[in-house]
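Each ligand, and each atom within it, is numbered from 1 in the order the structure gives.
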Amino acid sequence: MPYTAPLARITHTLDRIARLDDLAATGAFPGYDRDLLAPILEEANKLARDVLAPLNSIGHKQGARLGPASLGPAGVIASPGFTEAYARFRDGGWMGLAFPEAHGGQGLPRVLALAVMEMVHGANLAFGLCPLLSFGAIEALLAHGTDEQRAVYLPHLISGRWTGAMNLTEPQAGSDVGALKTRATPNGDGTYALHGQKIFITWGDHDMADNIVQLVLARLPDAPAGSRGVSLFLAPKFLVNPDGSLGARNAFRCIGLEHKMGIHASPTCVMDYDGATATLVGETNKGLAAMFTMMNSARLNVGLEGVGVGEAALQAALAYARDRRQGSAPGVAGMAPILHHPDIQRTLASMAANVQAARALCYACGAAADFAEHAPDPAVRAAAKAREDLLTPLAKAWSTDRGNDVADMGVQIHGGMGFMSETLAAQLYLDARILPIYEGTNGIQAIDLVGRKLAHDKGAAMASLLADIRACAREARAANLPAFVALADRLDPAADALSGATEWMLEAMASDRQTALAGASAYLRLAGDVAGGFYLAQAALGERAAPGPDADHALALARFFADDVLALAQGRLAQITAASAAIAEMKALWV
Ligand SMILES: Cc1cc2nc3c(=O)[nH]c(=O)nc-3n(C[C@H](O)[C@H](O)[C@H](O)COP(=O)(O)OP(=O)(O)OC[C@H]3O[C@@H](n4cnc5c(N)ncnc54)[C@H](O)[C@@H]3O)c2cc1C
């Protein structure tokens, strides 16, 4: 089943939601020209469709493996074809699309790179994880690296010659990163020696690139306990000589690969550090701040994985529904393709609307990051930063939850075939399941949303989003067309529900944090639903003003989502505010 990027929908989202032309008008992207957009997206589609998608099933069946001892300590061998595919990705310059030209990048808007990565993830989730981790490493070095670290590592990471890995997790330190035990001891020459073990390290070792730049969280000898005593270190697989050439193999290796339910081609490594040479990134004991730079980049990209896998599931389901004949349908001679059955149509509509809402949320978040960095007006930058911070947990958690829902619906459309190992629908369902777990579980995202993002600014960023939602509803109503008035009739009460939930949450966070946290995931769900419905409506309004090739589709998606999802918003408000008492009673039975 070939994956083909939905270029019209992606372009529409870049225009209507990410406001790519406004971004270009900031003057921050001299290398960007509107005429470049279609060729870039088309080339990315060719890579995704013709190179990466054909390897998806191969990677599922023949995952990455630990090589024989004769290969020495550099043990992990990528799935068949992946090394060649990575070379195509690297040589196409895809890694550096949005990174600064000063370090060898192309200086294009970040949201454009996100659109490209959506295609990569849609075609091959396991492959996409490798550049995803490199993005995080690059962002961390750009923000926190020394001049020397940037000079030595960034050109190689940005060109894709070397890749990055993010090494946080240990057996006792998962969500609670502060519990980590890996030690860093000063060598006396400005470098450190790392001792310890990390688990679950994605693409921690492989043979697709010349070097792997590991960013490792560890604890210095005199560090305070907990997360305040965590520092970030850089340890390359091969040490780099003063002339830039590769030197000795560093003292760490992959000692095992996890056997997983999905993303088999993405090696999930147990890494052992036996005095590995490392340099400090950022300040001592401030590793969590540096880590969050990596994680914020990665969280948005993981949200996009939800979009990509959802889009792939939708395409597979649609193709199957056109092909598979069962039962009869009005106007169809003989057995009808199941696509003609209203229940299948409803499921496909739900898949399409949720994927598009997730895409819009992720692109809105990416564009906010671009405006936060590049808008000339400081007030616009500050507002965009607040929007980016608010949307990041939504983009990560809501989009990956929907990616799972959509993959699940895709299996259902395939009937019994969806349960067969060889179908893409089954693989996507298995692959997608990790998305709500890594890069901070979705439960942790919900705590971040209500704990940090809401409470920190007393709801100001959410109030600003709600003001935009209400303005959108007013504009829809003013269009004075039944379809748009119907949209406004859904948006307004949904905004009321989110506003009420926000007030309740702010009050509960101040007075009874445990009760508030019991509602956090439900709050995130409501916020994502309402924001998603808003972006779809906004896009439909934009298409009405200046119709593009996706105009009819945009309105249909917005209307379906409004009727299917926004209509439930008031019920979700009760889910947040009313359930905590019952949860407390049930807790008494368990704890
Ligand atoms: C395939 C795969 C790839 C990965 N790649 C990487 C990688 O490249 N680098 C890396 O460092 N790590 C990686 N991880 C680790 C991943 O980020 C962790 O698994 C994740 O952060 C959750 O940690 P945990 O598994 O220890 O679960 P736990 O932290 O034990 O969580 C278990 C459950 O408890 C909940 N929970 C935990 N704490 C709280 C709390 N305070 N309040 C409310 N609920 C809570 C969680 O939401 C979850 O539902 C990967 C994991 C997998 C499976």
(Q) Just to confirm my output: which protein heavy-atom neighbour is closest to atom 4 (C) of ligand 1, and how far is it? (A) F200 O, 3.1 Å
Q. Salt-bridged, K198 to E170, with N to O below 4.0 Å?
A. yes
Q) How far is atom 41 (N) of ligand 1 from its nearest protein heavy atom, and which residue and atom name does that atom have? A) I444 CD1, 4.3 Å
Q.
In the complex you have, is atom 33 (C) of ligand 1 within reach of the protein, judged by whether a heavy-atom distance drops under 4.0 Å?
A. no
Q) Within the structure, does at least one protein heavy atom fall under 4.0 Å of atom 38 (N) of ligand 1? A) yes
**Q.** 4.0 Å protein heavy-atom contact status of atom 14 (N) of ligand 1, strictly under
**A.** yes
Q: Mark up the atoms of ligand 1 that fall under 4.0 Å of a heavy atom belonging to L168, in ascending order.
A: 10 (C), 11 (O)
(Q) For I434, which part has a heavy atom under 4.0 Å from ligand 1: side chain, backbone, both, or neither? (A) side chain
Q: Compare all side-chain heavy atoms of D529 with those of R525 and state whether any distance is below 4.5 angstrom.
A: yes
Q. What is the minimum heavy-atom distance between S580 and W504, and which atoms define it?
A. OG-CZ2, 4.4 Å
Q. Where is the nearest protein heavy atom to atom 43 (C) of ligand 1: which residue, which atom, and how far?
A. I447 CD1, 3.5 Å
(Q) With nothing but distance in play, are any N or O atoms of T441 less than 3.5 Å from an N or O of ligand 1? (A) yes
Q | Contact atoms of ligand 1, heavy-atom distance to I437 under 4.0 Å | A | 20 (C)
Q | T268 and K260 side chains, donor-acceptor separation under 3.5 Å | A | yes
Q.
At under 4.0 Å between heavy atoms, is it the side chain or the backbone of E439 that contacts ligand 1, or both, or neither?
A. backbone
Q) For N442 and W398, does a side-chain donor sit closer than 3.5 Å to a side-chain acceptor? A) no
Q: Please identify which atoms of ligand 1 are closer than 4.0 Å to at least one heavy atom of M166.
A: 7 (C), 8 (O), 9 (N), 10 (C), 11 (O)
Q | L517 contact mode with ligand 1 (heavy-atom cut-off under 4.0 Å) | A | neither
Q) So, K237 and D205, do they make that salt bridge, N to O below 4.0 Å? A) yes
Q: Looking only at non-hydrogen atoms, find the nearest pair between S399 and G303 and report the distance.
A: CB-O, 3.5 Å
Q: For side chain to side chain contact (heavy atoms under 4.5 Å, CB included), just list the numbers for R402 and V355, CA-CA rounded to whole Å, side-chain angles, deciding distance to a tenth of an Å, and then say yes or no.
A: CA-CA 7 Å; R402 299 296 76 73; V355 169; over 6 Å; no
Q. Where is the nearest protein heavy atom to atom 12 (N) of ligand 1: which residue, which atom, and how far?
A. T169 OG1, 2.6 Å
Q.
Counting only heavy atoms closer than 4.0 Å, does ligand 1 sit against the backbone of T268, its side chain, both, or neither?
A. side chain
Q) Can you tell me if K198 has a non-hydrogen atom under 4.0 Å from ligand 1? A) no
(Q) Looking at R359 and E311, is there a salt bridge between them, counting it only when a charged N and a carboxylate O are closer than 4.0 Å? (A) yes
Q | Nearest option to atom 29 (O) of ligand 1, as decided by whichever heavy atom of A126, G174, S175, A298 sits closest | A | S175
Q: Check ligand 1 against T202 and write out every atom of the ligand that is under 4.0 Å from a heavy-atom position of the residue.
A: 3 (C), 4 (C), 5 (N), 6 (C), 7 (C), 8 (O)
**Q.** Under-4.0 Å salt bridge between R110 and E139
**A.** yes
**Q.** cation_pi(R452, F292) dist<6.0 Å, angle<=45
**A.** yes
